[in-house]
Amino acid sequence: MAKTFLVIAALSGLLAVIIGAFGAHGLKSKISEEMLAVYNTGVQYHFYHLLVLLVTGLLLLKWPEAQAFKIAGWLFIAGMLVFSGSLYILAITGIRWLGAITPLGGLAFIGGWLALAIGFYQNL
């Protein structure tokens with residue numbers, strides 16, 4: 001599981017840089033300031049959570065059987081996909097109902113952080 005999370009984190013970092021650059025250079029003149037801010041929020045949370053996914057993968061190298069760390073990793077991945085993904089699509093397309101699913105990604109992030117805390121408590 002550690003290897004999976006580390007590879008996903010690295011590829012997610014690659015995507016976050018590409019997506020961020022696209023927003024800064026390709027979207028700046030094409031979408032409103034409000035939607036650009038929404039897009040940038042997606043990029044920001046994407047970066048934060050790919051970094052914590054990287055840490056989670058490293059933790060699993062030391063504690064490969066730690067269920068809480070495994071759960072945290074999957075929740076961080078889900079959060080990046082749903083939270084950041086919905087913000088990217090919302091900003092580019094203007095489809096407002098996507099804003100209704102963004103909080104589900106936020107809940108995944110929250111669950112990931114809670115699982116990480118539980119993992120620390122159980123394994124340190």
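Heads up: numbering here begins at 1 and tracks the sequence. Model, not experiment: these values are computed from the prediction. The analysis underlying the following values was restricted to heavy atoms, covering all of them including side chains, and did not include hydrogens, waters or symmetry mates.
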Please tabulate, one pair per line, all N/O donor-acceptor pairs under 3.5 Å involving side-chain atoms of residues 1-23, not counting sequence neighbours.
from: Ser12; atom 1: OG; to: His46; atom 2: NE2; distance (Å): 2.7

Set of residues satisfying side-chain hydrogen bond (donor to acceptor under 3.5 Å, both in side chains) with respect to Gln44, sequence neighbours excluded | Tyr48
Set of residues satisfying side-chain contact (heavy atoms from CB on, under 4.5 Å) with respect to Ala91, sequence neighbours excluded =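 If we apply the side-chain contact (heavy atoms from CB on, under 4.5 Å) test to Ala91, skipping adjacent residues, the hits are Ile31, Met35, Val38, Tyr39.
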Contacts of Asn123 that satisfy side-chain contact (heavy atoms from CB on, under 4.5 Å) - sequence neighbours left out = Trp63, Ala66, Phe69
Show the numbers, then the answer: is there a side chain to side chain contact (heavy atoms under 4.5 Å, CB included) between Tyr45 and Met80?
-> CA-CA 7 Å; Tyr45 277 78; Met80 284 187 283; over 6 Å; no
Measure up the Trp113 and His49 rings against each other and bin them: parallel (under 30°), tilted (30 to 60°), perpendicular (over 60°).
->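 Ring orientation of Trp113 relative to His49: perpendicular.
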Of all heavy-atom pairs linking Ala72 and Gly112, the shortest is CB-O, 3.4 Å
Heavy atoms only: give me the nearest Gly42-Ser84 pair and the separation to one decimal.
-> O-OG, 2.8 Å
Using the rule that Ile, Leu, Val, Met, Phe, Trp and Tyr join whenever any side-chain heavy atoms are under 4.5 Å apart, tell me whether [X] and [Y] fall into a single cluster.
X: Tyr88; Y: Leu50; result: yes
X: Leu90; Y: Leu36; result: yes
X: Val52; Y: Leu54; result: no

All pairs passing side-chain hydrogen bond (donor to acceptor under 3.5 Å, both in side chains) where residues 22-34 contributes a residue, at least two apart | none
What distance do Leu116 atom CG and Tyr121 atom OH have between them, rounded to the nearest 0.5 Å?
->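 The OH atom of Tyr121 is 15.5 Å from CG of Leu116, to the nearest 0.5 Å.
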Roughly how far, to the nearest 0.5 Å, is CD1 of Ile71 from CZ of Phe76?
->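 Going from CZ on Phe76 over to CD1 on Ile71, the span is 12.0 Å.
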Can I get a per-line list of side-chain donor-acceptor pairs under 3.5 Å for residues 92-108, giving both atom names and the distance, sequence neighbours left out?
from: Thr93; atom 1: OG1; to: Ile89; atom 2: O; distance (Å): 2.7
from: Thr93; atom 1: OG1; to: Ile95; atom 2: N; distance (Å): 3.2
from: Thr102; atom 1: OG1; to: Ser86; atom 2: OG; distance (Å): 2.7
from: Thr102; atom 1: OG1; to: Leu98; atom 2: O; distance (Å): 3.2

Test side chain to side chain contact (heavy atoms under 4.5 Å, CB included) applied to Leu59 and Phe120, step by step | CA-CA 9 Å; Leu59 289 167; Phe120 286 141; 3.5 Å; yes
